[in-house]
Amino acid sequence: MGLGLCIIMIAVGAILTFATDWEVDAVDLDLVGLILMAVGIIGTAVYTSIARRRRMVVPPVAPTVTDDRPRDTF
């Protein structure tokens, strides 16, 4: 589940919970909205923890110095 889907779930859940007053038989839309928001928040937390773990930090490499001048061989 991607970050975009998690944000959409939170938004749809908030809309169902706070912005609608629909009545459906045998379905409590407020509860469905709360469940969607909870799943979206949990998904966002899991996604960010996995993304943080996958991010690889490569330490900077010291530049290599080469001397191309000819050497005197006596």
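Counting begins at 1 with the first residue of the sequence. If you're wondering where the values come from, they're calculated on a predicted model, not measured in any experiment.
Leu3 CG to Ile8 CD1: the interatomic distance, rounded to the nearest 0.5 Å, is 10.0 Å. Between the CD1 atom in Ile7 and the OH atom in Tyr47 there is a gap of 9.5 Å [rounded to 0.5 Å]. In this structure, CD1 in Ile10 is found 10.0 Å from CD1 in Ile42, a value given to the nearest 0.5 Å.
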Sequence neighbours left out, cut at 3.5 Å: what donor-acceptor pairs do the side chains of residues 26-40 make with other protein atoms?
from, atom 1, to, atom 2, distance (Å)
Asp28, OD1, Asp30, N, 3.4

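Side chain of Thr17 to main chain of Ala14: no donor-acceptor pair is present (N/O by atom type, distance under 3.5 Å, no hydrogens or angles).
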